[in-house]
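Convention: sequence-line order gives letters A, B, ...; per-chain numbering from 1. Just so you know, these numbers use all the heavy atoms, side chains as well, and skip hydrogens, waters and symmetry mates.
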Amino acid sequence: MSAIHLHYDVSGDDFTRAGEASGSVKKRLKSLGYDSDAIRRVAIAMYEAEINMVIHAEGGFCDVDIYPDKVEILLSDKGPGIPDVEKAMQEGYSTAPDNVRSLGFGAGMGLPNIKKYSDEMKIETTIGVGTNLYLTINVHNE
Amino acid sequence: MNTYFHSVELEVDKCCGCTNCLKRCPTEAIRIRDGKAHILSERCIDCGECIRICPHHAKKAHSLELEDIKKFKYNVAIPAPALYAQFNNLDNVNIVLTGLKAVGFNDVFEVSRAAELVSEATRKIIKEKKSKLPLISSACPAVVRLIKIRFPELCENVLPLLAPIEVAAKIARKEAIEKTGLKSEEIGVFFISPCPAKVTEIHTPNSVEKSACNGAIGISRIYPELTKAMDHLDFKDIEPLSRSGLIGIGWATSGGESAGILRDKYLAADGIENVIKILEDLEDEHIRGLEFVELNACSGGCVGGVLTVENPYVAQARIQKLRKYLPVTLNHLEDDDIDNMNWENELKFDADIFRLSDDIVKAMEMMDEMESIYKDLPHLDCGSCGSPTCRAMAEDIVKGEAKETDCIHKLKAQIQSVYDQLKGTL
């Protein structure tokens with residue numbers, strides 16, 4: 001077999017449920033006996049991306065493909081799009097509203113962290129249409 | 001898988017095969033097979049939740065009896081500070097310690113004294129920035145075992161210092177040898193324990209090759225004789241045996257160990273579900289900026305252990321009262337103490353416990369099969385099949401340890417379809 005495919009719907013506006021998808025993927029990777037460093041990076045990158053979908057895009061879905069040596073993740077939303085990707089990639093840059101920040105989110109570390117923990121990252125974004133975020137996390141053999 | 005010793009045991013006759021323990025176990029280590037509970041030894045962390053929940057008292061914790069100390073020429077009791085919280089209106093710890101001598105021990109050495117040494121050593125480690133932060137307390141053996149089987153990325157965060165029991169046992173043994181001139185094997189050192197996890201830790205330690213402690217007697221086991229002995233004590237008989245400050249005694253309750261760090265970037269969580277949540281969040285780096293994390297599997301901390309007698313919150317209130325007039329700490333590290341307090345073995349992740357197969361391709365095939373089995377199960381997580389959840393059942397089926405018709409809902413549907421077919425032929 002080539003890959004295990006998982007699909008999750010991410011509901012918008014519900015912080016208590018953010019992290020359900022990344023938590024479920026983490027649990028499965030542990031059962032597979034996956035490399036623990038790769039599991040950690042998948043869990044962190046995916047959680048940050050999930051939170052982004054909740055804060056900015058009223059949810060969406062995510063598709064996860066698990067291969068023996070890598071995990072590919074697509075996070076897709078029909079949100080407002082990212083006007084300036086380069087700016088959004090800067091640490092500390094945030095457009096999150098105050099009510100979100102008061103919950104401790106929106107510190108402007110989302111995308112920079114996602115980039116830091118994944119091996120490949122691609123953003124497709126169109127204003128008013130939505131954003132697709134493609135991530136690849138490889139198992140780094142020591 | 002009989003290499004694992006557990007202090008949680010099942011009394012088969014009393015078990016009626018209900019699903020209470022099955023549903024409560026935090027590591028999904030219980031299955032009901034042939035109408036009786038079975039503990040999956042490699043997954044059990046001896047937290048004692050099944051003992052707490054069982055309405056039929058079919059689960060019990062292994063504990064030695066007072067009789068067992070007679071095998072040794074000289075015996076030292078090392079009581080957990082949680083013991084002091086079990087007595088109403090106690091205002092002097094020496095009454096308990098003298099009571100322990102009255103029930104048969106030759107001497108006592110308080111675990112809270114060793115706890116003060118561990119607190120000081122922890123402060124030193126944090127200050128000298130010698131370990132990966134946050135440090136996770138190594139005092140609760142159920143938590144250490146949980147990390148060992150479920151949280152590979154956190155193994156190196158575990159405080160590499162022996163738990164206070166082990167430190168206390170080492171010192172008590174050394175002092176007893178010096179005092180009596182007896183050989184080590186003639187001296188018995190017994191922990192008076194609030195929980196089964198510590199009983200297991202003495203038997204098969206994570207941190208050392210062999211524990212300096214000979215065994216553990218549950219607080220609830222020794223309680224009747226001890227209270228009787230304490231009642232019979234005359235005021236003039238009470239010996240000044242206690243040498244613990246408020247830091248050491250405070251270790252009995254959740255937050256006590258953290259308070260002993262004398263810093264503010266700490267978190268203290270108690271209750272196994274909360275502990276798991278915190279470990280998940282630490283692993284995913286949702287929690288940042290801490291120096292120390294204290295985790296206790298039991299609600300309220302050690303006073304909540306299943307071998308205690310008193311309600312943990314009442315016990316907590318008593319500990320507060322007992323600490324009130326004590327000095328901060330009465331025990332201090334000597335030059336080479338800290339070297340004797342380090343773990344002998346590094347904490348290594350046990351990858352085999354929860355993974356489906358050691359071959360990832362095979363594991364992926366199994367998981368694929370699990371997902372398709374799971375889809376057809378009723379998702380009620382009722383536990384009637386003997387597995388704790390439908391997902392766990394799917395895993396058990398793939399491993400060949402259960403079959404689909406163990407699910408009573410599936411079975412009912414099958415019977416219904418046979419009935420419908422027969423009805424058609426009549």
Side-chain angles (χ1 to χ4, degrees), chain A residues 1-8 15-16 18-51 54 64-71 103-105 107 109-110 112-114 116-117 137-142, chain B residues 26-28 43 132 146-157 276-289 347-375 388-389 391-396 398-399:
Chain A
M1 71 176 295
S2 56
I4 288 178
H5 179 76
L6 304 165
H7 175 87
Y8 299 91
F15 283 94
T16 59
E20 273 184 11
S22 53
S24 159
V25 171
K26 179 176 157 186
K27 204 169 172 195
R28 279 170 176 72
L29 290 173
K30 282 193 175 181
S31 310
L32 290 174
Y34 226 72
D35 170 69
S36 67
D37 174 62
I39 297 178
R40 188 177 61 95
R41 289 184 293 120
V42 168
I44 298 172
M46 207 177 143
Y47 177 78
E48 295 281 6
E50 257 184 276
I51 287 282
V54 176
V64 181
D65 287 298
I66 303 171
Y67 298 89
D69 57 349
K70 66 177 175 187
V71 180
L103 290 168
F105 298 105
M109 291 305 292
N113 261 340
I114 295 170
K116 181 175 151 196
Y117 289 106
I137 284 122
N138 297 323
V139 173
H140 298 166
N141 291 318
E142 283 149 35
Chain B
T27 56
E28 297 193 338
R43 286 190 180 188
K132 194 178 164 192
L146 183 65
I147 293 172
K148 189 180 160 72
I149 64 172
R150 247 179 88 169
F151 296 95
E153 289 289 311
L154 297 177
C155 285
E156 53 175 332
N157 290 73
I276 290 171
K277 181 79 180 71
I278 294 292
L279 290 171
E280 292 283 359
D281 283 352
L282 281 171
E283 199 175 47
D284 297 348
E285 296 183 14
H286 299 170
I287 303 175
R288 295 187 174 117
L347 186 68
K348 284 227 166 62
F349 178 62
D350 197 342
D352 282 332
I353 311 293
F354 283 104
R355 72 178 168 197
L356 292 163
S357 162
D358 53 6
D359 171 8
I360 184 126
V361 177
K362 175 95 175 55
M364 284 174 67
E365 284 167 7
M366 290 169 81
M367 182 164 290
D368 213 38
E369 203 186 330
M370 263 172 69
E371 297 291 340
S372 77
I373 294 169
Y374 176 71
K375 249 185 235 147
T389 60
R391 196 164 277 288
M393 190 206 192
E395 186 178 331
D396 289 346
V398 169
K399 286 180 175 166

Looking at E48(A) and K116(A), is any side-chain nitrogen of the basic one under 4.0 Å from a carboxylate oxygen of the acidic one? no
I'd like to know if the side chain of E50(A) and the backbone of G19(A) have a donor-acceptor N/O pair within less than 3.5 Å. yes
Cut-off 4.5 Å, heavy atoms of chain B, and the answer for Y67(A) is backbone
Taking the six-membered ring of F151(B) (Phe, Tyr or Trp), confirm whether the NZ or CZ of K30(A) is under 6.0 Å from its centre and within 45° of its axis. yes
R28(A) and S24(A): side-chain donor and acceptor closer than 3.5 Å? yes
For chain A, the option from E283(B), E153(B), R355(B) that forms the most heavy-atom pairs under 4.5 Å: E153(B)
Among I44(A), L32(A), I66(A), which has the most heavy-atom pairs under 4.5 Å with chain B? L32(A)
Per-residue contact mode, R41(A) against chain B (heavy atom under 4.5 angstrom): neither
Provide the full list of ring pair (Phe, Tyr, Trp, His ring centres under 6.0 Å) pairs with a residue in residues 20-45 of chain A, sequence neighbours left out, each pair given once. none
Below 4.5 Å from any heavy atom of chain A, which atoms of F349(B) appear? Answer side chain, backbone, both or neither. neither
Checking E280(B) against chain A: side chain, backbone, both or neither under 4.5 Å from a heavy atom? both
Applying a strict 4.5 Å limit to non-hydrogen atoms, the region of D37(A) in contact with chain B is both
Please name all residues satisfying side chain to side chain contact (heavy atoms under 4.5 Å, CB included) with A394(B), sequence neighbours left out, ordered by chain then number. M370(B), I373(B), Y374(B), L377(B)
Under 4.5 Å, counting heavy-atom pairs only, tell me which of R150(B), R391(B), K362(B), E395(B) racks up the most with chain A. R391(B)
